[in-house]
Structures are given as structure tokens and as C-alpha cells.
Participant: 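This is the structure I have questions about; it appears just below.
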Amino acid sequence: MYDAAAQEVRALTGFDRVMVYRFDADHNGEVVAEARRADLNAFLGLHYPASDIPPQARALYETNWIRTIPDVAYAPVPIVPPFDAGSGEPLDLTLSVLRSVSPVHLEYLTNMGVHASMSISLLHDGRLWGLVACHHYAGPHPVPFGTRAAAEFLGSVLSLRLVARAHDRELERELEAQAAIAQVLPVARDHDRALAQALTGDDPGLLSVVPAHGLVVVADGQSATAGDVARDLDVDALRAWVLARPDAVTTRTALADSDPELAAVLPDVAGLLALRLPDEQVVVWLRHEHVRDIYWGGDPQNKAIARREGDHVRLSPRKSFDRWREVVRGRSEPWAPAHVRAAADLRSRLLEVIILRNRWQMAAAHAVQLSLLPRDMPRVPGWQMHARYAPAAGGRVGGDWYDALELPDGRLAAVVGDVVGHGLGAAAAMGQLRNALRAYLLRGAEVQDALRDVDALARRTMPDDMATVVVVTVDPATGEACVGAAGHPRPLLLDAAGGAVLLDAPVDRPVGIGSGAPRVAHLHVEPGGGLVLYSDGLVDSRSTALVDGIERLVAAFDRPDPTVPVDIDDVMAQCQDPDSKDDMTLLLLCRDLDLPPGAAA
């Protein structure tokens, strides 16, 4: 189409050379078609810098379809009168065919050896998209009105056709991307596959949505890659950069120029297209450097030369238009608008997928958690045990658990723990730690030994998980108790008079990073007294500091009248924060005031 346009315009107008320019996003022009006199050298494929058409000239091209200079050596004549009699403003010659042009432009054409010129604008949505440039070297070349009218008609028709074709290409890309999205989404909804793995797979993956060399996905606490991604690529740095962007969709084509610090940790990456998703999840397409040669009509760096005219120096257009080669490095292929729109649409669709997966994970995690909590509390004469668990606001399940069991030697054991994190992963880690600790205690291990062993197990088999836990064992006959805490809030000690205090006991590091030699505290639970075990979600929230939360819990169990029991459900309701992102657990171990036969006070 470009070639046909150039040939037809030359046949219509009789110019020595007719070129079709196409402008890029930075307004640099490329000669994409040419019809010329046989003895003239070719300009096809040459690029010209945006400075060759300054903004004011660009505005005129967007207003007028045709601009003609029959003779670059014309002598301008003054307008009489120069001002509008009614408004007093200078006459507006924007739409005048006979208006003068910039002396700099005339000098530019003269330096090229051009004696006459005409241009036909190619517009896309009212903006200059391309240009048909006509040059004549044999001398002046006036173009009759009828020919100009035909050329203007040709320019408008060509613009419409080129715009339609551009729209067709964009639509083709968009339909291909949407078809790929339709294939990816069912795979992403598959609960049996991790989201990161589903999006980077080949059946199909996101590389079918947006063409790229590589893909990085961080989702559900996992990261996965596809395509050509360097092994030493810093996924954490890339994720942090994407999360810090103000827009949900971000593109880069020259990363070393725009973000040199990120480029330093992304080997062989020149461009990226990134999506920011909820819960600090990201999807990033990567493109390598696209090395290409650009041939300019003259050195684009020497856009103008200084010329001294008496005491003044003015800038004049360059004189040399020899073919000048530039090697462009550090840039990727640009991201097509259709692919950027497809990525934005994919993000919206993935939000729905994430919501569905989160609902499924919450339901699964809740089912796992409830299945691991004791169905019934041990019934031991002279003792009462009560426990409550509540997920975070919105039903977001965390890693809290409690356990209560009667050991083979007759002692009672009570446990409250909290795995760091939320969702199915935290629930699964909680199940492993709960069962391991229960096994150690049932085997007869003392509290400090059980804590040491479960810490060693977590270090070796669960390197990405960490938990806090408090363990209590008590002899129901004597009330002698042993308390050990690993990173967990210390229990409350209740007395027979209705008082409650925070137990003075050592606290080791959390399970998974423990000291290897946890310490314990020994105490006596008197008749009418008890112990209160709880998770930090009960005392630490957005609206309540940890110290204040503990004081509130102590006050809830500090009773002026010891004969009035504390309602554990009331305590849970008083301590719950609607904005909290953590779940809450409370376990109450109480000794009856009336001892059973054989029990020691």
C-alpha cells in the first residue's frame, strides 16, 4: 500500500521523488516507500529525527492536508494590511495555500538540493501518523489546483485505509491474546495446581498471551518462571520493584536507562511488562535486548549547525544528509498496545481467579484446622478445661491451634501454638507441628525436651515455616505444673482469690529458630486457681498494643468475687478486633476448689 501510494502520487504530481514517511512514538520519521527519478540516490529505509519537523510545523500538518512550496527560492511579499481591522490581531494564515514558510525550512530544503516540495498529511485520529513528501530537483514545480485537490483526496483516503489496516492488526493481536487468555483461565482456576505453576505452564501459559522471552510469576508464596530466564535473576528484587510501582500495569523498553538498579540484577533483560496483583503477587513478562541498525539521513546528533551572521549567531539546519549508521542497544522490542491492553484485561480476570482460589483455600484451611482441633477436652476429676478458637475477620484462617490430652503417666498436657502466615500452607504446617508435639509428649518427653525436638524437626523438614508455642503439663493430683514457651506470650496464672497475673516464665526463640536448649518454669496451681493460654491475636491487634492487650486480658480474669466464674465466650468477644488479620485462641485450665479424694492441696 505504501509503494502504491508513492507511485500514484508521483504519477499524479510529476515530482522527481515521492516518499512515504511513517512516524514512531517519538515522532522520528522512517521512509517506508519511495518512487523516484532513476538517477537519484535512494532514501528508502532512512530515518529522520523528530527535530526535522518541529511542534509548530507538526500542528500545521495536522490542520492542513496539503502543503506546497512551488519554489524554495521565492521572494516573500508583505501582507497588506497585516492586521485584522476588526480585532486588531495579526492575520491568521494557517489555512492559506500562499503563506510563507519558515526560512529555516527553506534552508533545510536547499541543503538537500530541493527546489520545490509538497507534502500530504496522513492522519490517525487527528494526529500526524505519516507523511507523503514530494521533492523536485529540476527547478520550480507549481502544482495546479485540480492536482492538489486530487492529492488531498488521496491523502484522506489513504489515511482512512492505513488507519483501518492498523486497527485490523491491533484487533487481530487483541483477539489472539483474548483467545489465549480464555485458555489460560481454566488452568489458573485448577485448585490442584499452584497458581504460579499454572500460569507458567505450557498448556498454555502466559507466554501465549503476550509474546516475550521469559516470564516470572510470584503467587501464593511461590515463584515460577517460563521461557528464557537467567538462573541468577533476582526474583525478590523484581517483585519488590513491581510492588512499588504506582500503576497496576507497568511497561519498560530500556531498563538500563530508566531503572539502572533493577537492570543490574536482571541479566540480559532490556524490557518488561509487569502486573501487580493483590497479596503482593506479581506477573512479569521479560524481553531481551533487541540490537538493530538504524540508518539516518545524516547524523541525527548534528541536527543543526551554528552560523555567525555579523554579531549574531543563529542555528541553521545541517548540510550533510549522507547515510549515517547507528547501532541501537539496550532496548527491547516495544510492547504492542494490544498486548498491553490484553495484560490489563488478564489482570482483571486474574483478580476473579484469585478470589475464587482464596475462597477455596480458606474453606480447605478451615476444614484442616477444625479437623486437627480436639473434639472433646479431657475429663479429669478435679479439673476443668475449656478452649475457643475464632478465625480472623473475613474468615481468614491462620495457623493457630490448641491441644489438650491426658498423658500415659496421668499428667494433663495443654498446648497453644501459632504458625506464621495464613491460609492452607499455614494450616498444613500447623498440622505437622501439632502432631509432632503431641507424639513427643505422648512418648513421655518432658516439656523442654518436646520443645527442643519439635524445633529440630521444623529446622530440618520445614525450613520455610516458623511457629510460636506454649506447652503446659500438670499433675492433676498435686497441681504441680511445668510451663515452656517458644516465642509465645506467657500464660496467665489464676489464684483461688480471683486474682490473675502474667506468669514470670522464660521465653525461648520460636520453633524453627529455637536456641536448642529451651528453659521451663515450674509452678503450683492451687485449688481454685488455673492457667490461661492464648495466642497473640487475642492481645495484639491494629487497635490494641501488645502490652495493653495483655492488661485487658488480665483484667478480664481478675475477679473481685472468686465465686463468680469467668465466661470464656465473653472474654473472646471483648478481645476481638474486627480489623485484625490474625485468628484468636484461648484455652483455660482450672483446678476445682473442692479437691477429689486423694488429691493434694
Side-chain angles (χ1 to χ4, degrees), residues 25 169-191 193-227 229 233-253 255 258-259 262 266 269-287 332-362 394 396 422-423:
R169 293 187 64 184
E170 285 292 292
L171 182 59
E172 289 170 5
R173 287 175 173 169
E174 203 147 349
L175 290 176
E176 290 174 357
Q178 290 298 331
I181 290 174
Q183 290 181 302
V184 168
L185 290 177
V187 180
R189 295 190 189 101
D190 184 358
H191 302 311
R193 297 183 63 180
L195 182 58
Q197 301 295 333
L199 296 178
T200 54
D202 296 328
D203 51 353
L206 294 186
L207 286 179
S208 63
V209 177
V210 176
H213 295 105
L215 177 72
V216 177
V217 177
V218 181
D220 284 346
Q222 299 183 23
S223 62
T225 63
V229 178
L233 185 140
D234 192 336
V235 174
D236 291 336
L238 175 61
R239 173 171 165 270
W241 182 89
V242 175
L243 295 177
R245 296 309 95 198
D247 299 321
V249 182
T250 303
T251 61
R252 293 290 189 271
T253 55
L255 205 57
S258 60
D259 303 271
L262 179 64
L266 301 181
V269 175
L272 59 80
L273 168 57
L275 304 182
R276 189 182 70 241
L277 298 170
D279 298 327
E280 300 186 341
Q281 303 176 106
V282 300
V283 175
V284 187
W285 289 268
L286 306 174
R287 283 182 178 173
S332 71
E333 285 280 359
W335 303 95
H339 291 147
V340 176
R341 289 193 298 270
D345 181 61
L346 171 69
R347 181 181 181 274
S348 300
R349 308 282 286 276
L350 284 178
L351 295 181
E352 300 173 7
V353 170
I354 290 171
I355 291 173
L356 291 174
R357 293 179 69 98
N358 285 346
R359 287 176 179 171
W360 176 83
Q361 288 187 2
M362 284 192 297
R396 193 179 186 191
H422 294 84

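Nothing here was measured: the structure is a model prediction, and the numbers come from that model.
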Participant: If I take atom CG from residue Leu272 and atom CG from residue Leu262, how far apart are they, to the nearest 0.5 angstrom?
Facilitator: 6.5 Å

Participant: Is the closest side-chain heavy-atom distance between Leu351 and Pro278 below 4.5 Å?
Facilitator: yes

Participant: Which atom names give the shortest non-hydrogen contact between Leu207 and Ala212, and what distance separates them?
Facilitator: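 Nearest pair, atom of Leu207 first, then Ala212: CD2-O, 3.8 Å.
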
Participant: Does the side chain of Leu215 come within less than 4.5 Å of Val284's, by heavy atoms?
Facilitator: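 With C-beta onward as the side chain, the pair stays apart.
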
Participant: Measure across Arg173 and Ala336 and return the closest heavy-atom pair with its distance rounded to 0.1 Å.
Facilitator: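 Smallest heavy-atom distance, with atoms named: NH1-CB, 3.2 Å.
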
Participant: So which heavy atom on Ala274 is nearest to which on Val242, and how close?
Facilitator: CB-CG2, 3.7 Å

Participant: Quick one: does Thr251's side chain get under 4.5 Å of Val340's, heavy atoms only?
Facilitator: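 Counting from C-beta outward, Thr251 and Val340 do come under 4.5 Å.
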
Participant: Rounded at 0.5 Å granularity, tell me how far CG in Leu275 sits from CG in Leu350.
Facilitator: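 It is 7.5 Å, given to the nearest 0.5 Å.
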
Participant: In Å and rounded to the nearest 0.5 Å, what is the OG1 to CZ distance from Thr250 to Arg245?
Facilitator: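 Reported to 0.5 Å precision, the distance equals 7.0 Å.
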
Participant: Crowded around Arg169 CZ? As in, over 12 foreign heavy atoms under 6.0 Å?
Facilitator: no

Participant: When you compare the side chain of Val269 with that of Arg287, does any pair of heavy atoms fall below 4.5 Å?
Facilitator: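 Arg287 vs Val269: side chains apart.
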
Participant: Would you check if Leu233 and Leu238 make a side-chain contact, meaning some heavy-atom pair closer than 4.5 Å?
Facilitator: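 SC-SC contact between Leu233 and Leu238 confirmed.
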
Participant: Looking at Arg349 and Asp345, is any side-chain nitrogen of the basic one under 4.0 Å from a carboxylate oxygen of the acidic one?
Facilitator: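 Salt bridge present between Asp345 and Arg349.
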
Participant: Could you check whether any side-chain heavy atom of Val216 comes within less than 4.5 Å of a side-chain heavy atom of Trp285, counting everything from C-beta outward?
Facilitator: no

Participant: At their closest point, which heavy atom of Thr200 faces which heavy atom of Ala224, and how far apart are they?
Facilitator: OG1-CB, 3.5 Å

Participant: Nearest 0.5 Å please: distance from the CD atom of Gln281 over to the CG atom of Leu199.
Facilitator: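 Rounded to the nearest 0.5 Å, the CD-CG separation comes out at 9.5 Å.
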
Participant: For a quick test of reading the model, state the closest non-hydrogen atom pair linking Val209 to Ala177 and the distance between them.
Facilitator: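 Distance-wise, the nearest heavy atoms are O-CB, 3.7 Å.
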
Participant: Determine yes or no for a side-chain-to-main-chain donor-acceptor pair under 3.5 angstrom, with Trp335 supplying the side chain and Arg252 the backbone.
Facilitator: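 Here the side-chain-to-backbone pair exists.
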
Participant: Rounded to the nearest 0.5 Å, how far does CG of Leu206 lie from CG of Leu346?
Facilitator: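 The CG atom of Leu346 sits 5.5 Å away from the CG atom of Leu206.
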
Participant: Hey, is the main chain of Asp234 close enough, under 3.5 Å, to the side chain of Arg239 for a donor-acceptor pair?
Facilitator: no

Participant: Return the NE2 to CZ distance between His339 and Arg341, rounded to the nearest 0.5 Å.
Facilitator: 10.0 Å

Participant: Identify the two heavy atoms, one from Ser223 and one from Val235, that lie closest to each other, and give their separation to 0.1 Å.
Facilitator: CB-CG1, 4.1 Å

